[in-house]
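All remarks here apply to the structure that follows.
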Protein chains: 2
Amino acid sequence: MSKKVYFFGANMSDGDGTMKDLLGGKGANLAEMAKAGLPVPPGFTITTENCRYFSKNKQYPDGMKEEIEENLAKLEKAMGKKLGDATDPLLVSVRSGAKISMPGMMDTVLNLGLNDKNVEAFASNTGNPIFAYDCYRRFIQMYGDVIDEIEHSKFEEVLDSVKEKHGAEFDQDLSAEALKEVISGYKALYNKEKGKEFPQDAKDQLYGAINAVFSSWDNPRAKTYRRLNKIPDELGTAVNVQTMVYGNKGEDSGTGVSFTRNPSNGNKEHYGEFLINAQGEDVVAGIRTPKKIDDLKPLMPKVYEELLEVYEKLEQHFKDMQDFEFTIEDRKLYLLQTRTGKRTGMAAVKIAVDMVNEGMITKETALERVEPEALNQLLHPMIDPNEKIDVVAKGLPASPGAATGQIIFDSAEAAKLAEAGEAVLLVRPETTPEDIEGMHAAKGILTSRGGMTSHAAVVARGMGRACVAGCEDLKIDLKTETAVTKSGKQLKKMDWLTINGTTGEVIDGKVKTIDPELSGEFETLLAWANENKRLGVWTNADTPEDAKNARKFGAEGIGLCRTEHMFFDEKRIPIVREMILSESDEARKDAVERLFPFQKDDFYGIFEAMDGLPVTVRLLDPPLHEFLPDQKELMVEIARMEERNETGASLEEKRELLKKVVALAEFNPMLGHRGCRLGVTFPVIYNMQVRAIIEAACELKKAGKDPKPEIMIPLVGHVNELKILHDMTRETVDGIIKKHGVDLHYMVGTMIEIPRAALTAYEIAEYAEFFSFGTNDLTQMTFGYSRDDAEGKFLTYYVDNKVLPRNPFQTIDQEGVGQLMKFAVESGKRRRKDLVLGICGEHGGEPESIEFCNEIGLNYVSCSPFRVPIARLAAAQATLKNKKKADLNSKTKEA
Amino acid sequence: MSKKVYFFGANMSDGDGTMKDLLGGKGANLAEMAKAGLPVPPGFTITTENCRYFSKNKQYPDGMKEEIEENLAKLEKAMGKKLGDATDPLLVSVRSGAKISMPGMMDTVLNLGLNDKNVEAFASNTGNPIFAYDCYRRFIQMYGDVIDEIEHSKFEEVLDSVKEKHGAEFDQDLSAEALKEVISGYKALYNKEKGKEFPQDAKDQLYGAINAVFSSWDNPRAKTYRRLNKIPDELGTAVNVQTMVYGNKGEDSGTGVSFTRNPSNGNKEHYGEFLINAQGEDVVAGIRTPKKIDDLKPLMPKVYEELLEVYEKLEQHFKDMQDFEFTIEDRKLYLLQTRTGKRTGMAAVKIAVDMVNEGMITKETALERVEPEALNQLLHPMIDPNEKIDVVAKGLPASPGAATGQIIFDSAEAAKLAEAGEAVLLVRPETTPEDIEGMHAAKGILTSRGGMTSHAAVVARGMGRACVAGCEDLKIDLKTETAVTKSGKQLKKMDWLTINGTTGEVIDGKVKTIDPELSGEFETLLAWANENKRLGVWTNADTPEDAKNARKFGAEGIGLCRTEHMFFDEKRIPIVREMILSESDEARKDAVERLFPFQKDDFYGIFEAMDGLPVTVRLLDPPLHEFLPDQKELMVEIARMEERNETGASLEEKRELLKKVVALAEFNPMLGHRGCRLGVTFPVIYNMQVRAIIEAACELKKAGKDPKPEIMIPLVGHVNELKILHDMTRETVDGIIKKHGVDLHYMVGTMIEIPRAALTAYEIAEYAEFFSFGTNDLTQMTFGYSRDDAEGKFLTYYVDNKVLPRNPFQTIDQEGVGQLMKFAVESGKRRRKDLVLGICGEHGGEPESIEFCNEIGLNYVSCSPFRVPIARLAAAQATLKNKKKADLNSKTKEA
């Protein structure tokens with residue numbers, strides 16, 4: 001059998017950070033720190049192999065004990081103390097440490113090596129009897145509890161009775177004498193419970209602890225945890241035996257925590273705190289006020305110098321910002337732990353870019369370091385951290401950012417007030433496409449119903465508006481234009497209110513928000529992302545403003561321009577309704593023609609904003625009844641008029657309207673008469689849209705611009721649908737181009753959003769120059785989930801209870817939906833080599849999904865403008881990951 | 001080049017029936033008839049090769065003309081007449097005849113060979129100058145029109161002017177002299193139009209006609225038709241030159257049509273009619289009353305004997321019932337055409353079985369001969385053909401059969417009256433699950449809205465009730481309980497009305513209907529089907545009556561027992577609503593427990609009816625709001641109460657109910673909180689159902705019966721859903737079985753009806769002992785079509801305009817949905833070798849879909865009881881087809 005025990009400490013290490021299998025996470029980490037020349041309290045690690053052997057054979061493997069003794073001798077030599085020594089004992093801690101940290105394993109035992117005799121020497125050596133006796137009584141308690149399984153409460157009983165006797169309120173109020181009473185009480189308890197004396201021999205203590213760690217691997221709690229988390233039983237745990245150091249030995253000792261750089265803003269400075277004569281917990285506990293790191297300089301100049309060296313060594317060794325704990329014992333500095341420091345998005349970007357500039361890491365590593373989602377913080381206004389806030393309700397953090405404004409309950413009114421320059425916060429039970437204008441005008445949106453993927457949430461994220469959705473704490477009464485919080489607070493129209501879409505908080509009154517700057521480092525990082533990414537990053541935008549915004553963030557095209565939003569404008573909706581309600585083909589055509597100039601203007605503006613970049617326009621998608629009044633409300637209105645015996649034209653009109661609404665109503669509008677099904681059955685609408693797109697493009701072309709229209713036909717399920725519309729489109733377009741005599745390049749393609757389209761992609765690719773995966777709908781149909789319904793009804797339950805590993809509307813379900821995508825990509829490419837492939841579902845802005853899109857070979861992802869930077873970074877990371885995989889594969893092949 | 005012209009007639013033939021490529025369909029058929037010794041007027045066929053050559057080179061191939069002359073000589077010799085002879089001319093017809101019959105090809109030219117001279121001889125030879133002149137004038141007209149493309153109307157003008165002059169109303173009123181005038185008028189017209197005399201040389205006439213046939217192959221109409229129908233241009237057409245025979249030469253001549261057996265009932269008798277001194281058209285025209293075949297015996301005993309021989313020869317040769325046309329010329333019998341006779345379902349069955357018994361065909365052939373859909377006629381009541389009926393409206397033939405009853409507009413009332421023994425016809429604008437009881441009680445169902453797959457149509461077909469759906473001619477007013485037809489006919493409650501679900505007709509008053517017998521031949525044929533089929537044929541049945549019915553038809557199990565129908569019973573629905581509306585878990589549990597005894601009784605009855613056969617029970621599937629009142633109606637009710645200033649408990653209750661209804665409402669119920677999603681989130685409901693199933697089964701087992709429950713979990717999309725419910729089910733079931741101490745075999749499986757389930761079938765098969773393809777929902781989701789919406793909105797348009805090749809809800813879409821099924825079958829089988837595979841969507845009863853199910857290896861199909869016989873036959877045909885394919889493959893391999 002191989003080496004059984006690994007030494008670490010004092011600039012030398014048998015192991016290193018890569019040996020987690022053998023040394024466990026903790027042991028490998030300690031070895032790595034020591035190796036890096038960091039002042040780790042020395043010790044040794046008994047490998048996991050020994051545990052495996054012990055677990056199987058209920059005895060130590062040959063040679064293990066010998067190696068422990070050897071390493072112990074080495075440790076004693078290094079420390080100049082001996083374990084169990086009567087006058088100057090070496091004290092150690094014993095800890096378990098598996099490869100994966102898991103609950104159920106043995107707790108730490110500290111101060112091992114103390115006994116009745118040497119505790120006295122320890123007391124006089126430290127000049128601190130209270131400290132020494134406290135160490136001993138803690139040791140007995142931990143040993144008894146952790147190793148011999150004596151109920152914790154029984155020790156507490158003993159301690160409480162002594163405290164009562166001496167009138168001590170807290171543990172630290174006990175005198176040395178009182179602590180001695182506790183010690184003898186603990187020992188008596190031990191004797192009574194275990195039928196033997198508390199072990200006085202330090203070696204007995206040590207092996208007792210080692211055995212306990214090994215045995216804890218097989219305790220039922222650990223086993224259950226492993227089974228549930230699919231951790232193999234064969235892993236085993238290592239045992240770490242490490243010299244004790246004390247920051248609470250007196251005024252020459254102390255303890256602290258520090259980051260190598262500022263985790264809030266990323267500045268390179270000594271960030272952290274320490275306390276003199278204290279233990280680790282004291283810094284965090286907040287009873288005493290800790291000092292800043294630089295305050296150590298006057299107190300212990302040498303230690304301070306050592307600490308500065310530690311900063312350097314840590315970053316040089318780990319090549320990243322570190323968060324570490326240190327202890328000073330008798331003016332000697334020890335590092336107890338270090339780990340990669342958590343940081344804000346802003347800090348992450350700054351640190352990554354700075355480290356590249358410092359030559360510490362490569363650009364690629366910098367790109368890998370920043371969590372794409374963390375960029376969110378940099379892209380939205382946030383509440384000034386100096387403001388005192390009064391949270392009155394909480395909802396779902398549906399769209400990030402903070403917004404402050406006056407409450408308005410009606411979308412049209414919100415739009416009007418915003419136009420007049422007011423800061424408006426739109427508050428609604430839920431939103432519908434009719435609220436779009438009001439949502440756009442508002443600073444933020446607050447709804448009392450709906451989930452993370454409700455209409456309000458999706459649209460707000462697309463617009464980059466802050467949104468708190470599904471705030472059920474709030475009861476909204478639209479009639480009286482008031483809302484009441486759970487605690488009874490009344491909110492009236494025009495009251496000031498603030499929402500934090502990043503946390504879901506609803507805050508009373510007007511609160512100062514700050515617009516984060518797009519710092520230089522941020523731009524630098526994203527430029528590197530562009531150097532590294534393979535995927536194009538496009539955006540979903542329906543207006544010239546959104547397009548401009550997205551372009552500013554680096555969007556390389558529009559992957560989805562929804563035309564239906566253009567239909568809801570108040571000047572247009574009457575014409576749209578006329579179009580829908582017209583009885584004759586001529587009347588319909590006439591209404592459609594009146595929409596034409598509006599649509600042409602829309603497209604003109606967008607093409608202009610995206611000059612030189614592709615703009616994918618999706619022809620009308622939603623079912624027509626979405627543009628009509630709500631059937632239920634209309635029925636109620638008519639009933640009320642009837643009850644009031646009203647007659648006349650208005651009632652008759654409403655009845656006529658209701659008839660049409662009923663005729664158009666659908667049981668499952670999601671699966672109804674929409675998308676290309678409308679295009680095929682009412683060709684005039686698509687024809688008008690196609691003309692508007694191409695007329696606008698031709699005009700721009702003549703004006704010297706470079707429009708790149710791509711016409712996208714939605715909801716195709718059978719190749720014949722696409723064929724019909726493709727042929728109609730080409731014929732119309734080519735006629736217009738010829739008429740204008742310009743050289744306009746355009747494309748015709750389709751969305752792949754119906755499972756059948758993915759399954760028959762080979763046929764469909766004959767008539768599509770591009771595929772754009774509409775993963776929202778594709779997910780709905782592949783799962784059979786209505787997104788509008790699932791979230792509130794069962795999807796949240798499914799995700800919370802792990803019925804589904806994650807919400808498939810947030811991250812692409814690779815197993816199901818992804819399988820269809822992959823199939824469609826492969827068969828589409830087989831039919832048409834130069835098929836352009838993109839995604840325009842919301843997944844196009846989600847890092848894990850972007851990685852998948854990169855893997856299956858899409859050409860671009862398209863996401864809402866505010867997610868473009870996130871997508872750029874994620875795309876770069878995906879390419880880097882792929883490259884690494886390829887490198888690894890080629891290495892494996894070579895080997 | 002090979003042989004160019006093929007002779008046929010007089011017991012000899014150069015060709016035969018297999019040579020359609022070369023001789024065209026008509027020519028091959030004539031050759032076959034002659035070969036079979038049937039008295040075909042002799043003639044010859046110029047092969048398609050000549051046409052191909054002519055089409056390419058605009059001239060005859062070498063040797064063709066010589067072969068024509070040879071064959072003409074042979075023909076002249078056989079007939080003892082000469083073409084163009086002045087005293088006894090041979091007259092012939094010239095017809096085109098491609099392999100596939102197609103429009104656009106040249107029409108027939110009759111009486112070719114007549115000219116100014118020999119028409120006189122023809123007149124005196126026949127002793128019938130009117131007949132002779134009429135033949136000649138017809139010949140000129142046909143030749144001018146068909147070959148020289150002179151407008152038909154110009155000939156009509158000439159004819160009309162002569163008729164006017166002679167005061168003749170009809171053509172046949174013209175005297176010989178008048179006909180002569182027509183002839184000279186025609187000839188003048190010909191001369192004027194073509195600038196030459198009408199050809200008097202018979203050979204010129206013949207080659208003119210042959211050229212015209214060849215040229216017609218390349219006329220624009222024929223070319224377009226071939227392009228659209230993908231018929232290759234290289235096919236070419238043959239030309240048939242055949243001796244003319246005349247049934248209108250006098251009292252020794254005649255013509256008739258006959259079937260070798262009775263096409264209505266299949267009896268072996270001389271079925272058909274003839275007329276003396278008449279042409280073919282006269283028999284069909286109905287001006288003279290034709291005589292029965294046996295009436296020929298006294299008139300022309302020899303010819304009658306010959307005819308009897310023809311019956312024998314035809315069936316012996318073609319091995320099937322034939323429909324043929326004959327002509328008698330001067331007491332000589334000629335067969336002009338024979339083809340397989342169309343027949344009713346009843347006749348098809350009888351003929352097939354009789355022919356097996358007569359040793360004429362094999363059982364396999366008999367099975368192949370009967371169109372499965374034709375059995376429909378044998379399975380439903382039909383209107384007595386002797387009744388005079390008054391059709392007042394027409395709708396869609398949604399569920400076959402006839403039903404007569406008194407009009408009732410309310411389902412509950414219909415149920416009550418039916419219980420009191422009345423014959424009720426349920427008339428509704430549309431039906432919902434709440435109408436189930438009324439539909440079951442009614443003799444038939446008539447709706448004014450909805451398509452072939454509306455709720456009414458689907459449920460009616462399942463129940464075997466006659467149904468006419470979507471009868472838009474009918475305006476129903478539920479308030480006044482009346483309906484008005486388009487023509488203004490008023491129909492009141494309790495009026496008698498009849499519907500024919502096979503034709504879609506709505507008939508005034510009470511009409512006598514007859515229940516067709518399940519004849520002995522029918523049972524015999526189905527027994528043969530069982531000997532030959534591989535697929536099991538199960539049924540979809542929710543009640544013991546349906547189960548018994550299906551078993552009578554040969555169902556081998558229940559593939560789908562829907563439990564939700566059981567919830568709509570009037571005693572249960574209040575408890576169901578209590579369950580849904582309960583605020584606490586206990587209250588819900590309590591309501592569920594009160595449903596338990598009902599459910600147990602339901603299952604007891606069904607298991608008893610299906611003793612010894614598997615019964616697949618699907619746990620609750622629809623969303624809960626289906627059991628609650630309609631939201632719109634409730635809102636209107638409340639609004640009305642509010643307007644009337646009503647207050648009090650009832651209003652409050654309704655408001656409370658509305659809140660719950662709103663909370664449960666879904667935008668797309670089809671994709672909502674239903675199926676196993678309910679099972680996972682409200683486990684008490686499924687748990688109760690599972691207990692009810694197994695308790696019932698255990699009780700029956702104890703009573704010595706053999707119940708075979710299979711528990712089916714619907715709407716699974718992710719393996720975890722199934723795992724949770726599978727584990728819960730097994731635990732519950734095993735506990736009950738243990739308690740009862742019986743040896744009950746049961747299965748747990750799932751429906752595959754969500755695309756994702758098909759895509760992840762490998763994972764799902766771990767927890768499923770069977771898969772049942774729910775192709776209704778699978779089609780909805782794969783296409784993204786809501787069945788409730790698509791039909792009326794765009795699907796009908798799609799099918800009518802060939803956007804879709806067929807309605808995917810009727811026949812499985814093999815390309816898309818079928819691809820998913822195949823994938824699921826293969827991956828499911830890979831995971832679990834003994835996985836049982838079935839289908840329970842409506843496709844399970846549709847012959848083409850059954851063939852597909854057979855091909856992909858399902859174990860059984862399940863369909864509505866009334867389609868079980870159809871499915872049995874279709875399953876047998878599928879096996880036979882497969883066997884043939886396999887035989888062919890192995891032959892190909894050998895060769």
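Just so we're clear, the structure is a prediction, and the values are computed from it rather than from any experiment. First the proteins, then the strands, lettered A, B, ... as listed; each starts at 1.
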State the [atom1]-[atom2] distance between [X] and [Y], to the nearest 0.5 angstrom.
X	Y	atom1	atom2	result
L678(A)	K793(B)	CG	NZ	11.0 Å
E666(A)	D789(B)	CD	CG	4.5 Å
L715(A)	Y785(B)	CG	OH	8.5 Å
K632(B)	D630(A)	NZ	CG	9.5 Å
M781(A)	M670(B)	CE	CE	11.0 Å
L671(B)	F783(A)	CG	CZ	13.0 Å

Pick from [options] with the largest number of heavy-atom pairs that fall under 4.5 Å of chain B:
options	value
A639(A), A665(A), G717(A)	A639(A)
N801(A), D777(A), L664(A)	L664(A)
E763(A), R677(A), H673(A)	R677(A)

Portion of [X] that has a non-hydrogen atom of chain B nearer than 4.5 angstrom:
X	answer
D813(A)	side chain
Y797(A)	side chain
K723(A)	neither
E637(A)	neither
H718(A)	side chain
E753(A)	neither
A758(A)	neither

For this session: Give the intermediate values and the outcome of side chain to side chain contact (heavy atoms under 4.5 Å, CB included) for residues E642(B) and E643(A).
Result: CA-CA 9 Å; E642(B) 285 172 352; E643(A) 286 296 329; over 6 Å; no
For residues 817-828 of chain B, which side-chain N or O atoms pair as donor and acceptor with protein atoms under 3.5 Å away, sequence neighbours left out?
| from | atom 1 | to | atom 2 | distance (Å) |
| --- | --- | --- | --- | --- |
| Q819(B) | NE2 | L759(A) | O | 3.2 |
| Q819(B) | NE2 | E815(B) | O | 2.9 |
| S827(B) | OG | F823(B) | O | 2.6 |

Seminar exercise, completed: All heavy atoms of V803(B) vs all of N720(A), minimum pair found to be O-ND2, 2.8 Å
For this session: Taking all non-hydrogen atoms of both residues into account, name the closest pair between P669(A) and F667(B) and its distance.
Result: CD-O, 3.3 Å
Exercise. Can you list the residues that meet the side-chain hydrogen bond (donor to acceptor under 3.5 Å, both in side chains) rule with T729(B), with sequence neighbours excluded?
Worked result: none
